[in-house]
Visitor: 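Have a look at this one before I ask anything.
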Amino acid sequence: MDLGPHAAFIWSSYAIVGVTIAALITWLYADGRRQAAALKDLEARGVKRRTSVPSHADDNHAAGSL
Amino acid sequence: MKAFLSLLTRDLRLAARDGGALGTAFGFFLIVVALMPLGLGPDLNLLSRIAAGILWIALLLAALLSLGRIFETDHDDGTLEVLATGPLPLELVTTAKALAHWISTGIPLALLAPLLGILLNLELKAYPVLIATMLAGTPAVSFLGAIGAALTLKARRGGLLLALVVLPLYVPTLIFGIAAVSAAAGPDGLTASFLILSAISLAAVALGPWAAAAALRIQMQ
Amino acid sequence: MQTITQKLANPTRFMQLSGIVLPWIAGAAAAILCYGLFLVFAVAPIDYQQGETVKIMYIHVPSAWLAMMAYGLVALSSFGLLVFRHPLADVSAKAAVPIGAAFTFLALFTGSLWGKPMWGTYWVWDARLTSVLILFFLYLGLMALRSSLDDESTAAKLTAVLALVGVAILPIIKFSVDWWNTLHQPSTGLTSTIDPSMRIPLLIMALGFTLLFFAMHMKAMRNEVLRRRVKALRLSDIARRDGRTSQPTPAAG
């Protein structure tokens with residue numbers, strides 16, 4: 001498949017898009033696993049979610065209700 | 001209305017007493033304009049072609065310098081909270097602040113900028129037009145800048161962040177400012193771009209304080 | 001009847017729903033993109049002027065479209081946060097900004113790579129490229145503002161205000177850049193009327209990219225919800241530990 005005289009530009013633009021999207025996806029999965037691991041570790045240490053144990057120090061601003 | 005005027009005159013008096021702000025802004029303006037020929041070369045007809053652009057960009061940067069201050073001093077000593085709970089709605093407080101900044105920094109810079117046109121070999125007939133466009137454009141600089149100042153009030157690296165946040169908002173003012181200057185040099189004098197420039201400024205004056213007040217309310221929650 | 005956004009307001013329900021939907025969207029995105037790439041490289045005709053370099057259009061245009069759509073999504077989420085206090089609005093905005101910035105960068109990069117064979121230079125101050133460049137600065141401003149504020153909830157609301165100011169001024173920026181562009185050089189039509197044989201692959205690629213964006217955005221939102229849960233748990237853990245040590249008698253609450 002001959003891509004003509006400017007083949008380099010075509011390949012490099014497809015490469016940059018591919019690399020960036022791949023980097024985004026791997027970062028997202030790595031971040032997901034890291035958060036899940038942290039969550040599992042916390043629950044292993046007996047820190048229950050607010051819903052299961054009424055903890056007194058719960059302020060009701062948005063982050064707290066998550 | 002009286003409260004608005006008293007706040008405005010208070011800010012103007014403060015700005016006048018602390019002459020340093022205008023001094024530094026104008027010093028910065030001078031050094032930026034002086035650096036340009038050193039960078040771009042002393043060729044006079046090149047400089048005269050881009051003089052208006054250099055003066056406008058230097059004006060935007062110089063005004064940006066003094067913008068961080070309009071809320072900071074009041075925020076630090078708590079008068080901002082007092083003003084917020086005072087008779088004047090927060091939107092009018094931000095309007096007064098931005099107006100004070102325009103009068104104390106915007107107008108002087110706009111009037112003094114053309115003097116530096118000499119350094120850049122600006123043609124003589126471009127002077128009145130340059131002053132007119134700068135006077136018409138600087139309200140947008142102050143009022144859009146007030147939004148940035150309110151947003152970056154408690155942020156770390158406030159000054160840099162303010163520039164990054166506010167400069168994209170200045171793009172229309174810069175484009176139509178320069179367009180008005182170059183168009184005015186043409187046959188039909190002040191043209192559509194000058195009107196659009198003024199329209200942008202008026203829109204900024206009308207809508208800017210709303211966003212700035214919203215940001216201040218969030219800051220003070 | 002709860003609207004879809006109210007139904008999604010509850011983070012746990014969002015996590016359940018997105019857990020089911022995410023693989024399907026990701027799968028569909030991958031399938032459509034593969035089909036699109038097949039069309040682009042095997043079927044689509046070459047452009048009579050540019051020859052093969054028109055193939056760059058098939059990723060440049062979708063990236064630019066996503067860059068703008070992502071900013072629209074950020075503005076919508078910001079509006080949802082400030083006006084409706086939707087608990088997931090900030091999660092959506094915070095998740096969408098980096099992905100949107102990435103696609104804006106891709107649009108600029110592929111645009112300049114396309115410019116070299118077509119206009120002979122890597123960067124041309126064409127109206128479209130310039131507007132996308134300024135859009136990139138708006139993204140940078142959002143990320144910089146959010147990262148330089150410590151308290152999360154004020155950072156969220158302030159970034160929302162900036163996003164709304166940005167989306168309000170974007171059309172004026174677009175208008176002024178177009179005006180500025182016609183002032184200096186005739187605007188070179190990037191995509192003149194496209195021949196249907198080229199338009200179909202372009203639409204398929206655009207659809208694939210859009211699905212990919214929503215899959216990534218949803219995954220980023222899920223990560224953000226988990227991050228906030230971890231943070232909340234750590235705070236409550238510390239609070240309980242302080243409660244136990246500082247007051248030997250059992251804490252009141």
Side-chain angles (χ1 to χ4, degrees), chain B residues 53 137 140 143-148 150-183 186 191-193 196-197 199-201 203-204 206-221, chain C residues 71 75 78-79 81-83 85 90 97 101 104 125 127 129-184:
Chain B
F143 279 79
L144 291 177
I147 303 176
L151 284 170
T152 59
L153 195 55
K154 291 184 190 155
R156 298 188 303 276
R157 301 183 301 277
L160 277 176
L161 184 65
L162 179 64
L164 182 59
V165 162
V166 164
L167 281 176
L169 308 181
Y170 283 168
V171 162
T173 307
L174 177 62
I175 287 178
F176 284 108
I178 306 294
V181 171
S182 52
T191 55
S193 40
I196 299 175
L197 177 70
I200 292 173
S201 288
L207 302 173
W210 285 97
L216 284 184
R217 254 182 225 106
I218 296 169
Q219 299 277 21
M220 286 188 280
Q221 241 157 17
Chain C
Y71 199 85
S78 307
F79 187 77
L81 174 67
L82 290 179
V83 172
R85 291 207 190 299
D90 176 48
V97 167
T104 316
W125 286 93
L129 285 178
T130 314
S131 319
V132 173
L133 182 63
I134 296 169
L135 180 65
F136 189 63
F137 292 140
L138 291 179
Y139 275 114
L140 288 188
L142 286 176
M143 287 192 275
L145 179 63
R146 189 184 283 274
S147 68
S148 69
L149 287 162
D150 304 328
D151 176 53
E152 208 174 287
S153 65
T154 41
K157 296 198 185 88
L158 288 178
T159 315
V161 169
L162 181 58
L164 290 178
V165 168
V167 83
I169 204 165
L170 213 51
I172 303 169
I173 290 180
K174 184 82 178 83
F175 169 73
S176 55
V177 167
D178 288 344
W179 174 290
W180 166 80
N181 186 264
T182 47
L183 214 60
H184 293 284

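Proteins come first, then strands; the chains are lettered A, B, ... in the order of their sequence lines, and each starts at number 1.
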Visitor: Of all of B:I147, B:L151, B:V171, which one pairs up most often with chain C through heavy atoms under 4.5 Å apart?
Guide: B:L151

Visitor: Which value, rounded to the nearest 0.5 Å, describes the distance between B:I196 atom CD1 and C:F175 atom CZ?
Guide: 4.0 Å

Visitor: Measuring from atom CG of C:D151 to atom NZ of B:K154, what distance do you get when rounded to the nearest 0.5 angstrom?
Guide: 8.0 Å

Visitor: In terms of heavy-atom proximity below 4.5 Å to chain B, should C:T159 be classed as side chain, backbone, both, or neither?
Guide: neither

Visitor: Under the criterion side chain to side chain contact (heavy atoms under 4.5 Å, CB included), I'd like the reasoning laid out for C:T154 against B:Q219: C-alpha separation, chi angles, the key distance, then a yes or no.
Guide: CA-CA 7 Å; C:T154 41; B:Q219 299 277 21; 5.6 Å; no

Visitor: What distance separates C:W179 CH2 from B:F176 CZ, expressed to the nearest 0.5 Å?
Guide: 5.5 Å

Visitor: Heavy-atom pairs under 4.5 Å with chain B are the metric here; pick the option from C:L149, C:L135, C:L142 that has the most.
Guide: C:L149

Visitor: Give a yes or no on whether B:R156 atom CZ has more than 12 heavy-atom contacts from other residues, nucleotides or ligands under 6.0 Å away.
Guide: yes

Visitor: Hey, could you give me the CG/CD1 distance between B:L167 and C:I134, rounded to the nearest 0.5 Å?
Guide: 11.0 Å

Visitor: Should we say atom CZ of C:F79 is surrounded by more than 12 heavy atoms from elsewhere, each under 6.0 Å from it?
Guide: no

Visitor: Output all residues satisfying side-chain contact (heavy atoms from CB on, under 4.5 Å) with B:L161, sequence neighbours left out; order by chain, then residue number.
Guide: B:T152, B:A155, B:V165, C:A144, C:L145, C:S148

Visitor: Let me check something: any side-chain donor-acceptor pairs from residues 161-174 of chain C under 3.5 Å, sequence neighbours excluded? List them with distances.
Guide:
from   : atom 1 : to     : atom 2 : distance (Å)
C:K174 : NZ     : C:D178 : OD1    : 3.3
C:K174 : NZ     : C:D178 : OD2    : 3.4

